[in-house]
Amino acid sequence: MGIFDALWIIGLLIYQIGIYIPRVRAYKVKKRVTLVALPGDIFLELSTWVFWQLAPFFYIFGELLSFADYNLPNWASWIGVLIFGASIWLYGRAYADLGTNWSARMEILTEQSLVTNGVYAYIRHPVYAAMFLWAIAQPLLLHNWIAGFGLLALFTPLYLTRMPREEKMLTEHFGEAYQSYMQKTNRLTPFPRR
Ligand code: SAH
């Protein structure tokens with residue numbers, strides 16, 4: 001195991017233990033107003049998970065994926081470490097700002113409020129932005145077409161189609177408030193400032 005593999009594992013542990021599991025524990029389905037889910041979502045989410053968390057272990061701890069390895073200069077991997085760190089930081093911030101409005105699915109809960117503060121004041125989808133940063137960092141850390149690049153290849157179409165659906169749902173529920181929030185922010189990038 002190389003240093004970048006080890007850093008990837010440490011990052012995954014920080015994310016799972018420090019950020020994701022506490023969020024899932026705080027999530028209780030109170031009452032649900034709307035649930036926007038398609039059958040295809042489950043398939044895509046599962047395959048994202050396979051490329052995000054499972055394939056890397058086959059790459060790090062075995063030879064199964066070694067036919068798809070590539071080489072990368074060290075400096076490129078160190079840039080990956082920086083992007084990876086930014087991703088974990090943004091995940092932490094976004095989950096904290098979203099609080100109990102967070103859900104692994106696309107839904108509106110009865111006690112849901114519209115969050116427009118914290119990192120949500122700069123971008124509308126900080127959780128997905130964090131995921132994008134992770135998906136960009138992963139092929140720089142894990143030098144394998146499947147374990148590294150697979151995530152980005154799957155994640156991009158999944159979330160580019162998900163964001164408009166989520167925004168449509170939020171607009172239907174929060175109306176004017178979400179529309180004016182959309183006018184003030186971009187989806188994923190804080191610049192140019194609207
Ligand atoms: N797309 C957001 C949130 C991902 S979590 C992001 O990338 O940060 C998905 C849940 O967040 C959905 O169930 C949706 O109802 C909720 N949500 C998304 N934006 C929200 C906002 N500004 N305020 C409150 N809830 C929001």
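Everything numeric in this text was worked out from a predicted model, so none of it was measured.
In the hydrophobic cluster analysis, where Ile, Leu, Val, Met, Phe, Trp and Tyr join through side-chain heavy atoms closer than 4.5 angstrom, Ile21 is grouped apart from Ile9. If you chain together hydrophobic residues whose side chains sit under 4.5 Å apart, Ile146 and Leu46 never meet in one group. Cluster annotation: Leu54 is connected to Leu154 through the hydrophobic network of ILVMFWY side chains, with a link wherever side-chain heavy atoms come within less than 4.5 Å. Under the 4.5 Å side-chain heavy-atom criterion for grouping Ile, Leu, Val, Met, Phe, Trp and Tyr, Ile42 is not connected to Phe51 through any hydrophobic cluster. Residues Leu72 and Leu82 do not share a hydrophobic cluster, clusters being chains of Ile/Leu/Val/Met/Phe/Trp/Tyr side chains in contact below 4.5 Å.
Although no hydrogens or angles enter the test, the distance criterion places a donor-acceptor pair under 3.5 Å between the side chain of Thr161 and the main chain of Pro157. With hydrogens and angles disregarded, no donor-acceptor distance shorter than 3.5 Å links the side chain of Asn144 to the backbone of Tyr59. Of the possible polar contacts, none joining the Thr185 side chain to the Tyr122 backbone as a donor-acceptor pair under 3.5 Å is found. Remark: side-chain polar atoms of Glu107 are not paired, donor with acceptor, to backbone N or O of Arg32 under 3.5 angstrom. Between the side chain of Asp97 and the main chain of Ala94, no donor-acceptor pair closer than 3.5 Å is present. Side chain of Arg124 to main chain of Met182: a donor-acceptor pair is present (N/O by atom type, distance under 3.5 Å, no hydrogens or angles). In this structure, the side chain of Thr156 does not engage the main chain of Ala153 through any donor-acceptor pair within 3.5 Å.
Judged purely by distance below 3.5 Å, without hydrogens or angles, the side chains of His173 and Gln112 never pair a donor atom with an acceptor atom.
To the nearest 0.5 angstrom, Leu133 atom CG is 7.0 Å from Ile83 atom CD1. Between His125 atom NE2 and Tyr159 atom OH the span is 12.0 Å, to the nearest 0.5 Å.
Crowding of Phe191 atom CZ: a count of heavy atoms from other residues, nucleotides or ligands under 6.0 Å not exceeding 12. Shown here is Phe58, whose CZ atom has no more than 12 heavy atoms of other residues, nucleotides or ligands within 6.0 Å.
Aromatic ring orientation, Tyr95 versus Tyr15: perpendicular (interplanar angle above 60°, classes split at 30° and 60°).
Of the options Trp89, Phe155, Phe84, a ring pair (Phe, Tyr, Trp, His ring centres under 6.0 Å) to Trp134 is made by Phe84 and by none of the others. Evaluated for a side chain to side chain contact (heavy atoms under 4.5 Å, CB included) with Tyr120, the options Val127, Leu114, Asn101 yield exactly one hit, Val127.
Sorted by first and then second residue, the pairs that involve residues 37-48 and meet salt bridge (charged side-chain N to carboxylate O under 4.0 Å, His left out), not counting sequence neighbours, are Asp41-Arg165, Glu45-Arg162.
Note: Tyr128 and Phe132 fail the aromatic proximity criterion, with ring centroids not under 6.0 Å apart.
Between Trp8 and Pro56, the shortest heavy-atom distance links the atoms CH2-CB, 3.3 Å.
Two residues are said to be in side-chain contact when any heavy atoms from C-beta on lie closer than 4.5 Å; Phe4 and Asn74 meet this criterion. Inter-residue side-chain proximity for Glu176 and Gln179 is flagged as met; some heavy-atom pair is nearer than 4.5 Å. Taking 4.5 Å as the limit, some side-chain heavy atom of Gln53 sits within range of a side-chain heavy atom of Gln16.
Every residue two or more places apart in sequence or in another chain that forms a side-chain contact (heavy atoms from CB on, under 4.5 Å) with Ile14 is listed here: Ile10, Ile88.
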